[in-house]
Amino acid sequence: MTAHLFPATPPTPPTLPDLPAPSVPRTRTGGRPRRERGSSPQEGERLRPLSRGQVDDRLKELGDLYAEVSGGGPWAWNEARAAFLRRLAADARRPGFSLLIAETTVLTGCAYGFPAGGAGPWWAAVEEGVRCGLLRRIAPGRLFVVSGIVVPSRVRREHQDRAWNLARRLQRRLLADHGAALGVTLVGSRDDGTVEALRSWGWRSAGDAPLAAVPPGPCRVLVLAPGT
């Protein structure tokens, strides 16, 4: 998931990979309970931040990761990779930019963002999408924009409510590292798939009305409480 806003342009569609059709779960009768598969606190990926120089050094690897989880044929792979790297480079120039990676012996995911103040084109889009004063009550510098979450599709469809879900670990660590009072992101108004994934990881509508009742607009605003 990536949400960006540049002057005089609408938000770039979030960058979560398309989900394959869900498989029918198998049922078991009798015997011992089957152990859940997936990253547990003991077996999960290691998270660590990259410095700005390290981000530059690993741009190729980050682009490959994004293209891999996005899927598609060779042409779509190259187009998606190039677009992702352009958006990442633009965000990396923002003050306070931070990027976390998840890795085992290889890179398995990343998340990044930047602190947001109360001015500029990005904030104008937030105010347009919010019909209450929630975000205006957050002290400057304590609102953190989670601009991108790049994880394998399994993280979107398996154990989304578990604390050790990789997306939850990444977003929680980003907010904790910056002492944020609230996380926020923009999602294209028609991108129901990304909204569904984010809600499964604890994100909620910034307005008073449920997401389905939010008036049409270029984007929807979601917020995340620290520790979620």
Side-chain angles (χ1 to χ4, degrees), residues 1-3 12-28 31-50 58-81 83-85 87-88 99-113 146-176 183 185 187-188 190-204 211 222 224-225 227-228:
M1 177 275 305
T2 303
T12 300
T15 56
L16 280 175
D18 292 334
L19 283 175
S23 58
V24 178
R26 297 181 179 180
T27 58
R28 303 180 78 224
R32 300 173 61 183
R34 185 173 182 176
R35 183 183 178 186
E36 288 184 341
R37 293 181 177 271
S39 300
S40 71
Q42 291 77 33
E43 299 171 345
E45 294 91 333
R46 180 172 66 104
L47 306 187
R48 67 184 181 92
L50 296 185
R58 300 188 70 168
L59 280 177
K60 179 181 184 301
E61 193 176 354
L62 290 165
D64 290 347
L65 169 71
Y66 178 78
E68 179 182 349
V69 303
S70 296
W75 182 85
W77 193 95
N78 288 329
E79 287 292 307
R81 183 181 187 279
F84 166 74
L85 289 176
R87 295 192 295 265
L88 178 60
L99 183 144
L100 289 175
I101 61 169
E103 59 186 353
T104 52
T105 56
V106 296
L107 186 65
T108 59
C110 71
Y112 54 94
V146 180
S147 185
I149 301 175
V150 180
V151 290
S153 60
R154 63 174 172 78
V155 178
R156 295 181 62 186
R157 65 176 187 265
E158 299 175 1
H159 314 302
Q160 300 97 320
D161 61 340
R162 303 302 293 269
W164 44 262
N165 177 278
L166 182 57
R168 283 184 176 260
R169 293 179 62 206
L170 285 164
Q171 66 191 25
R172 188 167 59 242
R173 173 73 179 272
L174 271 179
L175 298 191
T185 196
V187 182
R190 298 180 181 274
D191 195 346
D192 294 332
T194 293
V195 170
E196 180 181 354
L198 290 171
R199 286 180 64 83
S200 75
W201 297 330
W203 291 79
R204 295 294 178 262
L211 286 175
L222 303 183
L224 181 73
T228 302

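The model shown is predicted, which means the values in this text are computed figures rather than measured ones. Hydrogens, waters and symmetry mates are skipped; everything else that's a heavy atom, side chains included, is used.
The heavy-atom pair separating Arg169 from Ala163 by the smallest distance is CG-O, 3.5 Å. When every heavy atom of Ile149 is checked against every heavy atom of Ala167, the shortest pair comes out as CG2-CB, 4.2 Å. Residues Val187 and Val195 come closest through the heavy atom pair CG1-CG2, 3.7 Å. Residue Ala111 comes nearest to Leu170 through the heavy atom pair CB-CB, 3.8 Å, listed as atom of the first residue, atom of the second, then distance. When all heavy atoms of Glu103 and Arg48 are compared, the closest pair comes out as OE2-NE, 2.6 Å.
Residue Val150 is tested with Leu88, Leu107, Leu65, Val155 for a side-chain contact (heavy atoms from CB on, under 4.5 Å); the sole match is Leu65.
A donor-acceptor pair under 3.5 Å links the side-chain atoms of Gln171 to the main chain of Trp201, judged by distance alone. Proximity of a side-chain donor or acceptor of Ser147 to a complementary backbone N or O of Tyr112 within less than 3.5 Å is not detected. In this structure, the side chain of Asn165 engages the main chain of Glu158 through a donor-acceptor pair within 3.5 Å.
Atom CD of Glu196 sits in a sparse spot, with 12 or fewer heavy atoms from other residues, nucleotides or ligands closer than 6.0 Å.
Using cut-offs of 30° and 60° on the angle between ring planes, the pair Phe84 and Tyr66 is parallel.
To the nearest 0.5 angstrom, Leu174 atom CG is 8.0 Å from Leu99 atom CG. Between the CG atom of Leu175 and the OG1 atom of Thr228 there is a distance of 8.0 Å, given to the nearest 0.5 Å. Summarising the geometry, atom CZ belonging to Arg199 is positioned 11.5 Å from atom CG belonging to Asp192; distances are rounded to the nearest 0.5 Å.
With sequence neighbours excluded, the residues forming a side chain to side chain donor-acceptor pair (under 3.5 Å) with Asp64 are Lys60, Arg81, listed by chain and number. With sequence neighbours excluded, the residues that form a side chain to side chain contact (heavy atoms under 4.5 Å, CB included) with Thr108 are Glu45, Ala102, Thr104, Val106, Leu166. The side chain to side chain donor-acceptor pair (under 3.5 Å) check on Arg172 picks up nothing, with sequence neighbours excluded.
Two residues are said to be in side-chain contact when any heavy atoms from C-beta on lie closer than 4.5 Å; Leu62 and Ile101 meet this criterion.
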